[in-house]
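Residue indices begin at 1 and follow the sequence shown. Small disclaimer: the values here were computed from a predicted structure and weren't measured. Counting starts at 1 for both ligands and their atoms, following the listed order. The figures here come from the full heavy-atom set of this structure, side chains too, leaving out hydrogens, waters and symmetry mates.
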Amino acid sequence: MINIPKGTKDVLPGESHKWQYAEGKLRKVAALYNAREIRTPTFEHTELFVRSIGDETDVVSKEMYTFEDKGGRSITLRPEGTAPVARSYVENALDSLSLPLKTYYLISAFRYERPQAGRLREFHQFGVEIYGATSPYLDLDCISFAYDALRALGLDNVRLKLNSIGCSDCRKKYVEALRTYFADHLEDMCGTCKERYGRNALRLLDCKNPECKKIAEGAPVILDYLCDDCKAHHEKLCGLLDASGIPYEVDAGIVRGLDYYTRTVFEFVTDELGAQGTVLGGGRYDDLVQSIGGKPTGCVGFAMGMERALMLMEKHGVDFGRTGIDVFVISQSPELEGACMAIVSDLRKEGISADTEMTGRSMKAQFKYADKQNAAYAVVIGGNELETQRVKIKRLSDGKEEECGMNEIAARIKEN
Ligand code: ATP
Ligand code: MG
């Protein structure tokens with residue numbers, strides 16, 4: 001037997017309706033927010049991720065699925081959706097559409113991580129990217145989108161944590177302060193942090209090593225280093241959130257693990273998923289489009305981890321809706337299976353989901369099967385029914401029967 005690769009999962013027929021339920025809800029919220037779907041390839045040139053996410057991040061330095069294709073190009077399975085969408089935005093000159101432009105996607109993403117509950121090597125994201133303005137109203141719209149998306153899934157007690165990591169100007173001063181602070185602690189930190197210290201000291205804040213984490217807790221706080229413009233942006237956003245009634249908490253510890261963020265960063269977190277408590281993360285990335293060859297463009301976005309969202313939904317007993325068929329046509333004897341298939345075919349044409357016996361089983365076995373298929377009704381077809389063209393429709397939930405003409409089955413089921 002060949003097994004599934006480590007860190008990946010099958011979505012089996014018995015659970016795919018949960019994914020469809022969640023995806024359907026998210027698409028509806030996207031429509032409410034005037035966002036259109038964008039679909040980009042599963043793989044990109046490696047360079048795109050190195051340049052945008054940053055080569056000192058965990059994602060780029062440790063987690064990417066990178067390979068050389070037969071043409072000798074370096075290709076990477078997308079570890080996230082923001083950079084590919086930005087690539088597409090620039091390449092297709094989407095700024096020529098009227099701005100702001102709001103896009104969303106439902107994708108799988110790939111990261112070589114240690115698999116555990118809520119952490120996979122192929123995982124799924126619902127992502128949103130909004131292009132075209134630096135106004136804090138865009139940040140508010142994006143956060144409110146994320147908030148409504150979570151609520152649409154029945155997840156109303158996921159907490160919003162907000163921070164600002166400033167622009168490249170404030171970051172310069174801040175990184176100097178970080179260097180001064182970490183210089184005294186560097187010998188107690190992990191090898192990766194020692195390496196990153198000189199190249200990208202900000203990344204020392206999101207090291208997951210417990211020892212490094214403890215040291216990072218005492219580090220200077222970026223909010224104290226914001227320039228006037230970034231400070232005003234952050235304060236304006238806080239005011240807008242206060243007025244909107246979306247509860248949040250400013251948390252200077254939120255820096256996000258990708259280099260492209262500027263100013264606003266946020267996460268929606270829960271205590272119910274152990275170490276994998278971040279259900280959704282996002283922020284503003286005003287320098288990204290320019291860094292990959294476009295014009296300076298204010299952008300803000302987020303990505304929700306679908307596996308984590310679904311785990312929480314299960315925990316909260318969300319009702320994913322009924323799956324099954326409208327009617328199962330029971331064949332009284334194997335010779336009648338052809339006639340039953342013709343009846344089923346007519347029902348399907350009328351928009352009734354239907355199935356019938358094809359393997360010659362007993363009626364008892366067929367009723368059992370109908371039950372397993374979650375059929376709402378059963379109709380038994382024997383010689384008598386075919387002759388009189390009258391049938392009995394049996395409601396399987398309570399056994400109630402009603403009689404009608406053979407060609408009225410669809411109409412009767414639709415009435416109920
Ligand atoms: P974490 O800190 O948990 O590693 P992250 O900061 O790397 O998360 P992002 O890059 O912000 O995650 O991705 C957005 C969301 O995608 C996360 O909040 C999470 O819900 C989900 N996610 C990220 N990596 C994985 C993974 N390996 N498996 C499952 N979900 C993931
Ligand atoms: Mg991660």
Original post:
Out of Glu113, Met304, His124, whose heavy atom is nearest to atom 27 (N) of ligand 1?
Top reply: Glu113
Original post:
Under 3.5 Å between some N or O of ligand 1 and some N or O of Arg111?
Top reply: yes
**OP:** Quick one: look up the protein heavy atom nearest atom 1 (P) of ligand 1 and list residue, atom name and how far away it is.
**Re:** Arg119 NH2, 3.7 Å
Subject >> Atom indices of ligand 1, in the order listed, that fall short of 4.0 Å to a heavy atom of Lys208 >> reply: 1 (P), 2 (O), 4 (O)
Subject >> Per-residue contact class, Val59 against ligand 1 - non-hydrogen pairs under 4.0 Å >> reply: neither
Original post:
Of all the atoms in ligand 1, which lie at a distance below 4.0 Å from a heavy atom belonging to Gly305?
Top reply: 15 (C), 16 (O), 20 (O), 21 (C)
**OP:** Validate the cation-pi geometry between Lys102 and Phe145: distance from NZ or CZ to the six-membered ring centre under 6.0 Å, angle to the ring axis within 45°.
**Re:** no
Subject >> Among Gln125, Arg114, Glu122, closest by any non-hydrogen atom to atom 14 (C) of ligand 1 >> reply: Gln125
**OP:** Using only heavy-atom distances, determine whether the side chains of Thr103 and Tyr131 contain a donor-acceptor pair under 3.5 Å.
**Re:** no
Original post:
For the side chain of Tyr181 and the backbone of Ile215, is there at least one donor-acceptor N/O pair under 3.5 Å apart?
Top reply: yes
Original post:
When you measure from the centre of the six-membered ring of Tyr225, is the NZ or CZ of Lys173 under 6.0 Å away and within 45° of the axis?
Top reply: no
Original post:
Is Lys9 paired with Glu307 through a side-chain N to carboxylate O contact shorter than 4.0 Å?
Top reply: no
Original post:
Can a donor-acceptor pair be found between the side chains of Asp242 and Tyr248 at a distance below 3.5 Å?
Top reply: yes
Original post:
Centre of Tyr105's six-membered ring, under 6.0 Å away, within 45 degrees of the axis: is that where NZ or CZ of Arg39 sits?
Top reply: no
**OP:** Report the part of Glu80 in contact with ligand 1, treating N, CA, C, O as backbone and CB onward as side chain, heavy atoms under 4.0 Å; options are side chain, backbone, both, neither.
**Re:** neither
Original post:
Side chain, backbone, both or neither: which part of Val279 comes within less than 4.0 Å of ligand 1 when only heavy atoms are counted?
Top reply: backbone
Original post:
Nearest protein heavy-atom contact for atom 22 (N) of ligand 1: which residue, which atom, what distance?
Top reply: Phe123 CE1, 3.5 Å
Original post:
Counting heavy atoms only, which of Arg256, Met311, Arg308 is nearest atom 8 (O) of ligand 1?
Top reply: Arg308
Original post:
Under 4.0 angstrom from ligand 1, any heavy atom of Gly257?
Top reply: no
Original post:
Going by an N to O cut-off under 4.0 Å, is there a salt bridge joining Arg203 and Asp259?
Top reply: yes
Original post:
Under a 4.0 Å heavy-atom limit, does Gln116 contact ligand 1 with its side chain, its backbone, both, or neither?
Top reply: neither
